Structure formats: structure tokens, C-alpha cells
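Here the structure is laid out as C-alpha cells; the discussion comes afterwards.
Computed from a predicted model, the values in this text were never measured in an experiment. First the proteins, then the strands, lettered A, B, ... as listed; each starts at 1.
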Amino acid sequence: MSVAPKKTTNFSSDQEVRWCPGCGDFAILAQMKKILPLLNIEPENIVFISGIGCSSRFPYYLETYGMHGIHGRAPAIATGLKRVRPDLQVWVVTGDGDGLSIGASQLIHAMRRNVDIKILLFNNRIYGLTKGQFSPTSPPGLITSSTPKGTAHQPLYPLALALASNATFVARSIDTNAKHLSNILKRAAEHRGTAFVEIYQNCHIYNDGAFDFAKNADIRDEHTVELIDGKPLIFGKEKNKAIQLNGTSLEIVPLNEKTKRDNLLIHNEECSSPAVAHLLADMQYPNMPEVIGVLRAINAPTHNDRMPDERLPADTRVQKLKQFFNAGETWEIS
Amino acid sequence: MTYVVTENCIKCKHTDCVEVCPVDCFYEGENILVIHPDECIDCGVCEPECPVDAIKADTEPGLEKWLEINAELAKTWPVISRKKDALEDAAEWKDVENKIQHLSKNPGPGDE
């Protein structure tokens with residue numbers, strides 16, 4: 001007998017939320033709870049799938065369906081679910097360790113296939129759950145419990161990876177920027193196809209202040225630029241700087257009466273080529289302001305659009321499974 | 001849920017809590033701070049910072065009145081995100097009971 005799940009208005013589950021006090025994950029959860037009721041989707045038609053790590057505790061705390069999967073494999077589980085239940089809204093919650101180390105190949109193939117899932121990558125540039133080892137996004141030289149002399153290698157840049165995988169929706173937001181994050185989450189939810197969102201998330205315990213440049217009220221306006229579709233990239237506390245394309249690079253130009261407005265870069269989310277989005281993803285602190293917002297949002301056929309519907313009635317599936325299990329231990333190749 | 005500032009804060013107003021809040025959801029009155037319940041993300045980092053134990057989770061019984069007070073006053077008071085000195089006679093008021101009669105609904109200066 002199936003029992004209809006209880007309808008909920010605030011999407012809070014009965015589980016005690018267990019992250020460290022001050023964790024950015026609380027901020028992301030709070031915004032998710034704010035946008036879910038706006039989507040007009042019943043809780044029983046929403047599924048959160050995660051891998052392993054602090055971020056991956058997310059599904060427990062929402063009154064939806066969920067699955068705490070195996071390390072790095074959430075995109076595969078989500079792909080399978082979306083194949084057989086295209087009516088569900090499927091989210092993947094992962095982190096820089098789960099999604100970019102053991103799960104990197106899962107992530108890129110889900111994106112290149114344009115599976116209609118929403119992927120949230122909480123990037124805190126550290127392994128928090130295992131007590132502070134360096135992650136694939138740790139900056140060079142970061143001293144961690146496993147790199148006492150500092151990390152030696154270049155980090156992976158999640159947005160660049162998503163663009164290289166031809167993700168059809170690519171965005172970045174910040175855990176504690178409530179208004180911006182809720183807007184980006186809602187847009188991701190409404191995108192048809194893979195929506196990839198990198199969220200700068202502060203690990204209060206093992207990598208505190210990693211994103212101070214983008215969060216501290218005194219300096220963030222100088223070091224971040226909000227992308228607005230169809231508008232130039234203007235930033236700075238006095239809104240006195242802009243970005244323009246010079247040759248094959250982006251550069252900062254002062255914004256005053258002498259500035260040639262026609263030369264400024266105008267953001268275009270729907271550009272079919274990801275080339276300019278790659279340049280935006282490459283803008284890095286401290287040389288350039290880092291972008292927040294939607295880098296790319298294009299329409300393209302989804303995984304399910306491109307694949308035939310292979311769903312069979314349940315009794316046929318069981319029969320086929322029985323035949324398969326009882327097929328013996330040898331095969332003849334003809 | 002949310003965290004709420006309760007009676008112990010009145011006439012003390014230590015501000016250790018505001019410094020650690022990741023979402024700047026404390027608002028300053030003349031002699032008390034309050035938390036905006038819609039902005040609080042329930043992370044709990046402020047709770048142990050308070051030297052007079054004034055911050056509590058609203059899941060504790062009997063705090064409905066304080067939740068209302070926090071929600072009402074946070075709407076009009078200025079935000080405070082930087083630590084400042086406690087009120088001058090904070091030490092004298094630390095263990096005084098039934099301080100609610102002294103609650104001022106006047107706004108404080110906030111971040112200056």
C-alpha cells in the first residue's frame with residue numbers, strides 16, 4: 001500500500017540539522033527552503049540526490065524524497081532516475097571534493113548529456129567532513145592538514161569545467177548573499193536541461209574566509225561583478241569600473257564620461273558559443289573581479305529528448321529481470 | 001526555526017554575536033539586539049558567543065513572546081554587523097531578573 005507523503009509548506013524535515021555552527025550550508029538550505037514553495041511542484045515530486053561530504057547531508061533536511069548516494073556517484077543515480085521518472089524534478093547536491101575529485105567524470109558526462117537535473121556544487125575549497133585536507137579547488141600554497149607545506153598544484157575551476165562540458169545553464173552564487181542565491185536557485189530550477197550552479201560556501205572550521213573577497217562588505221564590491229543579461233559588467237563601490245574585451249582578453253576600464261560605452265562587454269547569457277563565458281569564468285581574484293550570476297543559459301535538447309523512451313510496464317521489467325537472472329552462466333556468441 | 005535574543009540582553013548589549021553572524025541578521029535597539037527571524041539561517045554560531053546567555057533557539061519552550069519581539073523590532077531597527085563596546089553598566093545588569101520592563105523599543109545606532 002502506498003501512503004501519500006504529508007504535504008508541507010516549508011519543506012523542513014524532522015531531522016536535526018548537523019553542520020558545524022556558522023557553516024555556509026545553513027545559508028544555502030535556508031534559501032532552498034524559500035524557493036521550493038515557489039516552484040508549484042508537490043514535495044513528493046522533488047528528489048534531492050547527494051554523494052558524500054558535508055554538502056551531501058542536504059537531502060536529510062528537506063521534506064522531499066532524497067537519497068544519500070555513494071561517493072561522487074550522485075549524477076549517475078540522478079540520470080537513472082530522470083530516465084525512468086521524467087516527471088520528477090531532480091537535484092544533485094555535491095561539493096568540490098565529491099563532485100570534482102572522485103565524482104569528476106560523473107559530473108562532466110551528466111552535463112554533456114544535458115540530463116534535466118539541477119546540480120549544486122558547494123565549493124569551500126577544502127575537505128570539511130574528513131577534517132580539512134586539500135581539495136581539487138584548493139588554491140596553490142594552501143596549508144591544510146594534508147599539505148603542511150602548502151598545496152603544490154593548480155586548482156580545478158568548476159565553471160570552466162561546466163562550460164567545457166557544454167552545460168546548458170552555468171551560474172555562480174555565494175552562500176550568504178541570500179537574495180542573489182535564491183534568485184539563482186530559482187532560475188536553475190526553471191531551466192530545462194542540466195543546470196550547474198557553483199556556490200561559494202564558507203567552511204567556518206577548516207577554510208574560514210576563503211571567499212572574504214566576495215563576502216566582506218568593505219571589499220566585495222571591488223572584487224565581484226554581478227552578471228545581468230543584456231547589460232554591461234559594471235562594478236566597484238562607486239559603480240565606476242567596467243569590463244571590456246581587448247583582443248582575446250578581458251580588461252578593467254574606468255567608467256567615466258570619456259569611456260566609450262560601445263566598447264564595453266555586454267553580457268549575453270544565450271550566446272550559443274561558450275567562448276565569452278569561458279573568459280568570464282577565467283576572471284579571478286585578485287587580478288579581476290569574479291563574476292556572480294548566470295554565465296550561460298541556452299536551450300538544447302535534453303538527454304531524455306535524445307533517447308528513446310525505454311520504459312516498460314513493471315510486470316514486463318520483472319519478467320525480463322527473472323529471465324536475465326536465470327539465463328545460466330554461459331553465453332553463446334553467434 | 002530561528003534563533004532569538006531574549007531578556008538577558010536587555011541593558012547589557014554585548015555585541016560578540018554580531019561579529020560571527022554570517023548573514024548579518026542582528027538589528028540594534030537602544031538597549032537590546034534582536035535577530036530577524038526570516039534572515040536567520042539557524043546556523044547557531046552566535047549562541048555560544050553571548051557572554052550572558054541571551055541567545056536561544058526558538059524551539060526551546062516558552063519563547064513565543066520573544067520570537068514576536070525579535071520579529072517586530074528587527075523590521076525597523078538598523079543592522080549591526082560590527083562589534084562595539086557593551087553598554088557601560090552591563091556588568092551591573094548581568095544577573096538582574098525580570099528585565100523585560102526595561103526593554104526599549106527605540107532604535108540603536110547600528111553600524112556607523
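Between atom CG of residue B/Asp38 and atom NZ of residue A/Lys34 there is a gap of 6.0 Å, rounded to the nearest 0.5 Å. Between A/Leu29 atom CG and B/Asp42 atom CG the span is 8.0 Å, to the nearest 0.5 Å. For the atom pair B/Arg82 CZ and A/Asp218 CG, the distance stands at 4.5 Å (nearest 0.5 Å).
In summary, B/Asp24 and A/Lys215 do not engage in a salt bridge, as defined by a charged side-chain N under 4.0 Å from a carboxylate O.
Residues of residues 52-69 of chain B lying under 4.5 angstrom from chain A, judged on non-hydrogen atoms, do not exist here. Using a 4.5 Å cut-off between non-hydrogen atoms, the part of residues 15-23 of chain B that approaches chain A consists of B/Pro22, B/Val23. Within residues 87-105 of chain B, no residue has any heavy atom closer than 4.5 Å to a heavy atom of chain A.
Applying the ring-ring contact (aromatic ring centres under 6.0 Å, His included) test to residues at least two apart or on different chains, the pairs with a partner in residues 24-45 of chain A are A/Trp19-A/Phe26.
The local environment of NZ in B/Lys83 is crowded, with over 12 non-hydrogen atoms from other residues, nucleotides or ligands closer than 6.0 Å.
Minimum interatomic distance between B/Ile41 and A/Ala30 (heavy atoms only, all atoms of both residues): CG2-CB, 3.7 Å.
Residue A/Ala178: no heavy atom, backbone or side chain, is found under 4.5 Å from chain B.
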